[in-house]
Every structure is written in C-alpha cells, then in structure tokens.
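Hydrogens, waters and symmetry mates are skipped; everything else that's a heavy atom, side chains included, is used. Sequence lines set the chain letters: A, B, ... in the order given, protein chains first and strands last, and positions in each chain run from 1.
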Protein chains: 2
Amino acid sequence: MKFEDTVSHLLSRVATAHKAHLEKRLAAVGLHGGQLSVLFELWRRDGRRQVDLAREIGLATPTVNKILGGMIEVGLVDRTRLEDDARATRIYLTDEGHAMRAKVEEVWLEVEEELLSEFTESERLILFSLLTKVRNYYFGVDPDQVDD
Amino acid sequence: MKFEDTVSHLLSRVATAHKAHLEKRLAAVGLHGGQLSVLFELWRRDGRRQVDLAREIGLATPTVNKILGGMIEVGLVDRTRLEDDARATRIYLTDEGHAMRAKVEEVWLEVEEELLSEFTESERLILFSLLTKVRNYYFGVDPDQVDD
DNA sequence: CAGTTATTATTAGCTCGCTAACTATCATTG
DNA sequence: CAATGATAGTTAGCGAGCTAATAATAACTG
C-alpha cells in the first residue's frame, strides 16, 4: 500500500509544518504556540481553573500547567488560589495578556490569508467544514457551535 | 474577531489531537510517531543520507538525527559511514525495520478507516485534495505526485 | 597547495505534548 | 467524626519538533 495516499499521513505532515510555521510567525509578537492555544481560551473567558481550561483546549493538565508557568513568568496571566477550594486556582489575564489579543489578531489574519491564498471562497468553506468534521471525531461536537 | 472561525486554528487543534491519537495507536506495534515518519521515507528507498531524509520528510536534521538514534537502539535501522565522504552516513533498514511495514499497514488502515468513518467517498477525496493543496503551500508541489 | 568556505553530522537546550506518580484538599460514607 | 475515595495541581521524565553552535570533512579558490 501507499501510505502517502492516506488522509492520516497527509494530516500528520501538514500538522507539523503548520505548527512550525505558526511558531515562527508568533515569534514576531513574542509568543509560543502553546501559549497561544491557552490565550485563545482565556480570551473567551478568563478566571477559570486549570483543569477546566485543559478540558476545553483538549490538552492534558500537566501540559497546561507547564505552559501557564511560562506565561506567568512573562506576565501574561496571574494565578490565584480559589477562595472556597484550596486545591484549585483561577487563571486571570493580565493587562498584557489582554493587550496581546490585538497583536495576535493582526498576525493571525495574515497567516490565514497566506495559507488560503490559493483557495477559492468555496474551497475555504469546504475545508473548514471537513476539518470541523475531523475535529468532532476527536473532541465530539462543540456545543458553542450551535448558538453563540 | 473569532479565532475559532479560522482554518489555521482548526488545523492546529486537529493536528495535536491527530498526533496524540496516532501515538496511542502506534504503541500497539512498539513505534513512536517520529520513528514512523522516518520509516515512511525509508520504505520508499533506504540507504540515503540523513540530510536527504530530513529534506524529504520536511524535518530539521537534528530532529531526524535524534529519531534515528532511537531507531538504531531498538534495531530498526543501521547507520554506516559513507565510503567516499567521511562526513556523511547512509541509513539502512534492518530486517526488523522492513518487517515493521506489515504491522504498520494493518494499524494504518484501521486508523484511516476510523478517522473517515463518517465521511462519504466524495468527502474523503475532497479532503485529501484540499489537504494536498495545504501541503503544497508548505512544501511545494511533490514531483512524485505526477508519475510513479 | 594553503586558506577559506560549504556541508554533514552531532550536541545542547528550548517549548510542547504525553503518562505516571505524588501531594494536598475536598467529599463521601461508615 | 474517622476513613476512604475523588479531585486539583504539580513534579519527573519521555519523545518530537526547533534553533544555535561545534567538529570534522569536503570543496573551492587565490
């Protein structure tokens, strides 16, 4: 058989290339890829616990914990103990964490446009819809997709 | 803006989930994800130099070097110095490296079928073609795609 | 042919992803 | 209320990707 003819193989290859590419583009605003995935979630709503963030993002809790450690160091977020549960913490964006959003939006639109520059409008929509289907295979259907 | 509505974001999420999933499935045959990407290339043709493998796979040479170190340890490949160039090495599959192919094919077909179980035949073809377009954006058009 | 430049492999060190194992705390139940 | 079990965060350690820097060798050039 030809492994090259499978979607899985193609997806793996594209995945690593895309991640490496993102990392390079994010360096311009002083971010790492993992930090961004956490920021995406915090920009939706901050003040949540690490375990909740991890579940939403789809990462293991130690991964999120490590990324947050780096983000605290560079001053993007704060970690405060929960008042009524001494086990848990709440993660809040700092002013810098909020301010980062504008910078990232700029880069993000560029990255998206460059990636899809050779795609027609309908190809973009189809790719988005098929990738959503793959995402649903791994994460289940996103409830936020319906309303909101 | 909503980052969730971009292909880049979707691709990042799907990418990590897919890689994590592959890693789990490959554990059944005793392989790691990085080893597999090298094997894919060696199964096409072995006896090449590390730098050539890295270029074809689309990885940095230190990455390939590290992966090969692990593969040599577990006996999947051999590394021999080049006769006419003392800098370079040639990477050859061992018998075990060749034999691994059959095991991987089995797993691979399963993974592919499960991933695409909810996709129609035409959706599969379209997804493959659109992902190929993304790959070409990152790697350029593959010359092997034409003939062979 | 001596000196510079380019290439190959490698090492070191970083982020990111994981699992396993540990600690502290909460919740439950006897 | 004491013991057991569940939960939150963390630490340790692994593989995979990267860049930067080294060492050894080849190739080119004056």
Original post:
Nearest-Å distance, CD1 (B:I57) to C1' (D:dG17)?
Top reply: 13 Å
Original post:
Taking only side-chain nitrogens and oxygens of B:K19, does any of them come within less than 4.0 Å of OP1 or OP2 of C:dC16?
Top reply: no
**OP:** Determine: side-chain N/O of B:R49 to OP1/OP2 of C:dT10, distance under 4.0 Å, yes or no.
**Re:** no
Subject >> Spacing between A:H21 atom NE2 and C:dC16 atom P, to the nearest angstrom >> reply: 18 Å
**OP:** Decide if atom CG of B:D5 counts as having more than 12 heavy atoms of other residues, nucleotides or ligands within a radius under 6.0 Å.
**Re:** yes
Original post:
Can we say A:E114 and A:R25 salt-bridge, meaning some charged N sits less than 4.0 Å from an Asp/Glu carboxylate O?
Top reply: yes
**OP:** Take A:R81 and A:K24, find for each the nucleotide of DNA chain D with the closest heavy atom, and name the residue whose nucleotide sits nearer the 5' end.
**Re:** A:R81
Subject >> Residue met sooner reading DNA chain C from 5', once A:Q35 and B:V51 are mapped to nucleotides >> reply: B:V51
**OP:** Using heavy atoms to find the nearest nucleotide of DNA chain C for A:V64 and A:E23 separately, return the residue whose nucleotide is more 5′.
**Re:** A:E23
Original post:
Are A:V38 and A:Y92 co-members of a hydrophobic cluster defined by side-chain heavy atoms under 4.5 Å apart?
Top reply: no
**OP:** Could you tell me the separation between the OG1 atom of B:T16 and the CG atom of B:L11, rounded to the nearest 0.5 Å?
**Re:** 10.0 Å
Subject >> Nearest-angstrom distance from the residue atom OH of B:Y138 to C1' of D:dG17 >> reply: 15 Å
Subject >> Sidechain N-carboxylate O distance under 4.0 Å for A:R124, A:E113 >> reply: yes
Subject >> Sugar-phosphate or base contact per nucleotide [nucleotides 1-6 of chain C; S, B, -; heavy atom under 4.0 Å] >> reply: -----B
Original post:
Of the candidate nucleotides D:dG17, D:dG9, C:dC16, which contains the atom at the shortest distance from the side chain of A:Q50?
Top reply: D:dG9
**OP:** Output yes when at least one side-chain N/O atom of A:T16 is less than 4.0 Å from OP1 or OP2 of D:dG17, else no.
**Re:** no
Subject >> Residues A:L116, B:Y137; criterion side chain to side chain contact (heavy atoms under 4.5 Å, CB included); working and verdict >> reply: CA-CA 9 Å; A:L116 300 178; B:Y137 168 71; over 6 Å; no
**OP:** Pick base, sugar-phosphate or nothing for B:L82, based on heavy-atom distances below 4.0 Å to the nucleic acid.
**Re:** nothing
Original post:
Quick one: is B:T63 getting a side-chain N or O under 4.0 Å of the D:dC18 phosphate, OP1 or OP2?
Top reply: yes
Original post:
Between A:H9 and B:F40, how do the two ring planes meet: parallel, tilted or perpendicular, split at 30° and 60°?
Top reply: perpendicular
**OP:** Classify the side-chain pair A:Q50/A:T61 by whether it contains a donor and acceptor separated by less than 3.5 Å.
**Re:** no
**OP:** Have a look at A:A88 and say if it touches a base, only the backbone sugar-phosphate, or nothing, with a 4.0 Å heavy-atom cut-off.
**Re:** sugar-phosphate
Original post:
What does A:R90 touch in the nucleic acid at a heavy-atom separation under 4.0 angstrom: a base, only the sugar-phosphate, or nothing?
Top reply: nothing
Original post:
Atom NE2 of A:H32 to atom P of D:dT19: distance rounded to whole Å?
Top reply: 13 Å
Original post:
Just how far, in rounded Å, is P of C:dT7 from CG of B:D84?
Top reply: 17 Å
**OP:** Starting from P on C:dT8, measure out to CG on B:L68 and report it in whole angstrom.
**Re:** 15 Å
**OP:** Would you mind reading off the distance between B:I72 atom CD1 and C:dA9 atom C1', rounded to a whole angstrom?
**Re:** 12 Å
Original post:
Under the 3.5 Å rule, do the base of D:dG15 and the side chain of B:K66 count as making a donor-acceptor pair?
Top reply: no
Original post:
Does a side-chain N or O from A:N65 land closer than 4.0 Å to OP1 or OP2 of D:dT10, or not?
Top reply: yes
Original post:
With a non-hydrogen cut-off below 4.0 angstrom, is A:A86 in contact with a base, only sugar-phosphate, or nothing?
Top reply: sugar-phosphate
**OP:** Return the value, rounded to whole Å, for the distance between atom CD of B:E83 and atom P of D:dT25.
**Re:** 16 Å
**OP:** Look at all strands and tell whether A:G33 reaches a base, only sugar-phosphate, or nothing, counting heavy atoms closer than 4.0 Å.
**Re:** sugar-phosphate
